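These notes are about the structure you will find just below.
Computed from a predicted structure; not experimentally measured.
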Amino acid sequence: MKNTHQRILLLLLVWLMLGACALLSPDQTAAPPEATATLVPEIAPTESSVSQSKAILLWLAPIFEPETPAGELLAARLAAFEIQNANVRINTRIKPITGAGGLVEALEAATVAAPSVVPDILTLAPNDLRHAAESALILPLPEDLVQSEDQGWYDYALPSSKYAGESYGMPFASEVDVLAYRIDQYPEPPRSWETLLAEPRTLLFPAADPRVRFVLAMYLGAGGELEDENGAPSLDIDVLERVLSMLVSARSSGVLPLAVRQYTSPLETWTELKANRSASAMTPLPDFLREGDPERLAAVALPTEAGQGMGLASTWSWAITPSDPTRQELILSLLTWLSEPEFVGALTHALGVLPTSQDALAAWPEGGDTALASSLVTITQSEPDISLRNSVNPAFLAAIEAVLGSNEEPALAAQQAVDLITGP
């Protein structure tokens, strides 16, 4: 009986459906989708629907986390690109800088095992960009896109984005360190070693920094070279001896405590300065701009013998990966969109790093931050590439430890450092 009722109900439903179709005219049954499109709620595109349109994947460093000022600026910029380009969807992924899931390591793994998730554009630091270029993981950019003659690039911008004479990256942001100091401790900004040594006010720098950025800046600022006339790694023994002599003088006069041998990064010495445990300290520019108290602290370029100052920049670049040639024009269009100077100016100001061009710095708002950046861009140079640093940095570290930890004479320590590189 139950089955009979079910069959009757099914027949009734079919009859009703057929009757409803019969009430429609032929024009109504063939109505175009546009007639009812406005009644259908918008549905967010799925992975498959995006791939059928035009999807671009970006891999970003953690500095672009969504809830940061820089991340919000970038998200708005990408959204504006989508609005101006129909059917384009931009997906972003935040990747750590180093480690198994880091930008380059993940790119290598994806290129081999999962080409479908290889990014179209990614952010790369200088060492990673060089490695990616050597491994053919990224493509050289058209020189007319970089336009090095017209962009007003600063001297530190382009070197780290090139490999084998070609541009593999579009530089946009440069990290640099400064000397932050307490205003009440220095009657004038401590730009020279003469000013630093005038009174026993504590100076901190990370003497155990593997990149030896403080002493390297001293050495280069004093006219030292890292290569000989044949391009082989070398050190100028006279310049290095002068630099080591300044460190010995600072230690002897009470300016430089032996504790500097324990610090490995500028962030550590900045922490000490904020806690009033020093009068001046090597400091990352982003941290100073974000956390510095202008009523109590100021900053200048890293000090040099003559007082002109020195900065060593590590520059981030946008890079592109090999992809379908039919998509290259779109990807390069987005790269150009992200490199527009006014946007780069706003982005670098939010990040607290140096912009890479004059036009980008012109987009910074007036104020103390811009005044400091303007004083740095003219005396900053690109940090030496990783292969050269790997050759000379151990010699620098050995010389620093020799004069500060073992009380060796600067002349002997300088000779030993030179011998480490070129042999006795």
Any side-chain heavy-atom pair of D177 and L312 under 4.5 Å: no
To the nearest 0.5 Å, how far apart are OG1 in T356 and CG in L361? 10.5 Å
Donor-acceptor pair, distance only, cut-off 3.5 Å: does the side chain of S253 make one with the backbone of A250? yes
Can you tell if the side chain of T68 reaches within under 4.5 Å of the side chain of L351, non-hydrogen atoms only? no
With side chains defined as the heavy atoms from C-beta onward, is the minimum distance between E175 and W316 less than 4.5 Å? yes
Run the side-chain contact (heavy atoms from CB on, under 4.5 Å) check on T202 and Q185 step by step: do they pass? CA-CA 10 Å; T202 303; Q185 295 291 306; over 6 Å; no
So with a 6.0 Å cut-off around CD of E342, is the heavy-atom count from everything else above 12? no
Given 3.5 Å as the limit, does a donor-acceptor pair link the side chain of S252 with the main chain of V248, or not? yes
Validation row: E108, H131 side chains within 4.5 angstrom (heavy atoms): yes
With no hydrogens and no angle check, do the side chains of Y154 and T380 hold a donor and an acceptor under 3.5 Å apart? no
Do the side chains of L124 and S317 get nearer than 4.5 Å, heavy atoms only? no
D228 side-chain N/O to N230 backbone N/O, donor-acceptor pair under 3.5 Å: yes
Mark yes or no for whether R261, through its side chain, and I400, through its backbone, hold a donor-acceptor pair below 3.5 Å. no
Side chains of Q328 and S323, donor plus acceptor under 3.5 Å: yes
E268 vs Q262 side-chain heavy atoms within contact, under 4.5 Å: no
Looking at E134, I'd like to know if its CD atom is crowded, meaning that more than 12 non-hydrogen atoms belonging to other residues, nucleotides or ligands lie closer than 6.0 Å. yes
With a 3.5 Å cut-off and no angle check, do the side chains of W364 and T348 form a donor-acceptor pair? yes
Residues in side-chain contact (heavy atoms from CB on, under 4.5 Å) contact with T326, at least two apart in sequence or another chain: D324
Measuring from atom CD1 of I379 to atom OG1 of T304, what distance do you get when rounded to the nearest 0.5 angstrom? 8.5 Å
Just do the side-chain contact (heavy atoms from CB on, under 4.5 Å) check on V146 and K162 with the steps written out, would you? CA-CA 11 Å; V146 179; K162 289 182 175 290; 5.8 Å; no
Is there a side-chain contact (heavy atoms from CB on, under 4.5 Å) between T321 and L137 once you walk through the steps? CA-CA 6 Å; T321 62; L137 298 172; over 6 Å; no
What are the two closest heavy atoms between G169 and P171, and how far apart are they? O-CD, 3.4 Å
Is a donor on one side and an acceptor on the other found under 3.5 Å between the side chain of R130 and the backbone of D385? no
Inter-residue atom distance L103.CG - L122.CG, 0.5 Å rounding: 6.0 Å
E409 atom CD, over 12 foreign heavy atoms within 6.0 Å: no
Please check this pair: side chain of W337 against backbone of R77, looking for a donor-acceptor N/O pair closer than 3.5 Å. yes
If I compare all heavy atoms of P190 with all of T195, which pair ends up nearest, and what's the gap? CA-CG2, 3.7 Å
Aromatic plane relationship, F214 with W193 - under 30° parallel, 30 to 60° tilted, over 60° perpendicular: perpendicular
So, N91 side chain and L57 main chain: donor-acceptor pair closer than 3.5 Å or not? no
Backbone N/O of G309 and side chain of R191: donor-acceptor pair under 3.5 Å: no
Quick check for you: to the nearest 0.5 Å, what is the distance between M282 atom CE and R213 atom CZ? 5.0 Å
Validation row: L204, P257 side chains within 4.5 angstrom (heavy atoms): yes
Identify, with sequence neighbours excluded, every residue that meets side-chain hydrogen bond (donor to acceptor under 3.5 Å, both in side chains) alongside D128. none
Tell me the closest heavy-atom pair linking L196 and S280, and the distance in Å. CD2-OG, 4.2 Å
If we count only N and O atoms by modelled type, under 3.5 Å, do the side chains of E225 and S234 hold a donor and an acceptor together? no
Any idea which heavy atoms bring T422 and P233 closest together, and the distance? CG2-O, 4.0 Å
Does any non-hydrogen side-chain atom of D120 lie less than 4.5 Å from one of L330? no
Judged by atom type as modelled, is there a donor-acceptor pair below 3.5 Å linking the side chain of S333 to the main-chain atoms of E329? no
Distance-only donor-acceptor check, side chains D359 and S357, under 3.5 Å: no
Minimal heavy-atom distance between L247 and L256, with the atoms involved, is O-CD2, 4.0 Å
Verdict with supporting geometry, L74 and F343, side-chain contact (heavy atoms from CB on, under 4.5 Å): CA-CA 9 Å; L74 179 60; F343 169 68; 4.1 Å; yes
What's the spacing between K274 NZ and R296 CZ if we round to 0.5 Å? 9.5 Å
Atom CG in N276, atom CZ in R182: separation rounded to 0.5 Å? 4.5 Å
Go through the steps to decide whether W270 and E291 satisfy the test side chain to side chain donor-acceptor pair (under 3.5 Å), and finish with yes or no. CA-CA 10 Å; W270 166 238; E291 303 170 2; 3.0 Å; yes
Can you tell which of F396, Y219, F205 makes a side-chain contact (heavy atoms from CB on, under 4.5 Å) with V212? F396
Between T123 and A61 (side chain of the first, backbone of the second, donor and acceptor by atom type, cut-off under 3.5 Å), is there such a pair? yes
So which heavy atom on P206 is nearest to which on P266, and how close? CG-N, 3.7 Å
Over 12 non-hydrogen atoms of neighbours within 6.0 angstrom of CD in E295: no
